[in-house]
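First comes the structure, then the notes that go with it.
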Amino acid sequence: MKIIGLAGTHASGKDTIADYLVKNHGYYHVSTGDIIRDVALHKYGSVERPVLYKTANEIRTNHGHGATGHMALDKFDEVKDKYKGLVVSGFRAIAEAQAVKDKGGVIVFVDAPERMRFERLKERARVEEGGLSFEEFKKRESAENGSIDPAFDISAIKSISDYEIFNKTNNKAEFIKDVEKTLGLI
């Protein structure tokens with residue numbers, strides 16, 4: 001059974017990879033972001049960015065920096081007999097990714113050109129991302145790359161990744177071919 005953890009910059013293609021693994025390779029997908037959103041909605045009735053930060057920090061404070069990685073693995077344990085593997089996406093802290101590695105998984109770090117990612121972010125129009133300017137997007141990325149809390153550092157996960165994929169295209173088929181080649185799926 002394979003476990004793949006996906007980390008990387010916003011709107012770089014992590015969900016595209018996860019969807020591909022689910023639809024074409026029988027994986028179960030758990031998003032750490034969805035875990036945080038579910039807790040925030042249940043506890044605070046909101047998924048606005050400040051509430052998500054607060055919720056994530058509470059989870060990490062109460063359960064350790066790798067908590068959402070462990071929570072994702074626990075969710076999979078309940079259904080693992082039905083799937084060929086697990087794909088976990090949305091890591092924000094290196095300890096979350098390390099939890100997956102400690103379970104025998106591999107980490108894939110995904111990146112894409114900054115302007116391209118900003119345009120994708122605007123297109124997907126999640127509630128917590130709506131209306132961001134390019135400058136606000138860059139400021140938020142800086143905050144999520146250790147400028148506020150060193151434990152909350154997406155870019156640091158790159159240092160423990162097993163694979164790196166640079167998504168330089170808006171052509172989904174071309175991107176998936178690169179993913180297949182990188183992960184040895186073809």
Nearest heavy-atom approach of I154 to F109 is O-CE1, 3.4 Å

Measuring only between side-chain heavy atoms, which start at C-beta, is H29 closer than 4.5 Å to L21? no

Keeping the roles fixed (side chain from T32, backbone from S89), state whether a donor-acceptor pair exists under 3.5 Å. yes

Least distance between heavy atoms, A72 atom then V30 atom: CB-CG1, 3.5 Å

Report yes if the side chains of N170 and E119 come closer than 4.5 Å at any heavy-atom pair, otherwise no. no

Atom CG in L86, atom NZ in K103: separation rounded to 0.5 Å? 10.0 Å

side-chain contact (heavy atoms from CB on, under 4.5 Å) for I17 and I4? Distances and angles first, verdict last. CA-CA 10 Å; I17 295 172; I4 298 174; 5.9 Å; no

Would you say K101 has more than 12 foreign heavy atoms packed within less than 6.0 Å of its NZ? yes

Using ring centroids (six-membered ring only for Trp), state whether Y20 and H25 fall under 6.0 Å. yes

Between R140 and H10, is any pair of side-chain heavy atoms under 4.5 Å apart? yes

Hey, what do you get for CD1 (I3) to NZ (K80), rounding to the nearest 0.5 Å? 9.0 Å

Just say parallel, tilted or perpendicular for the rings of F134 and F118, cut-offs at 30° and 60°. perpendicular

Does T55 use its side chain to pair, donor to acceptor, with the backbone of V39 at less than 3.5 Å? no

Is it true that K181 and D178 have a side-chain N and a carboxylate O under 4.0 angstrom from each other? no

Under 4.5 Å between any side-chain heavy atoms of K122 and F137, yes or no? no

Value rounded to 0.5 Å, distance of OG1 in T68 from CG in D34: 11.5 Å

Can you find a pair of side-chain heavy atoms, one from E96 and one from R60, that are under 4.5 Å apart? yes

Would you check if M71 and H63 make a side-chain contact, meaning some heavy-atom pair closer than 4.5 Å? no

Looking only at heavy atoms, what is the nearest atom pair of T182 and E164, with distance? CG2-O, 4.4 Å

Do the non-hydrogen side-chain atoms of S31 and K14 ever get within less than 4.5 Å of each other? no

Of V100, V88, I94, L6, which meets side-chain contact (heavy atoms from CB on, under 4.5 Å) against I107? V100

Smallest heavy-atom separation, G13 atom then R120 atom, equals N-NH1, 4.4 Å

Search all heavy atoms of P113 against all heavy atoms of K168 and return the closest pair with its distance. CD-CA, 4.1 Å

Do you know the tightest heavy-atom contact between I157 and A97? CG2-CB, 3.7 Å

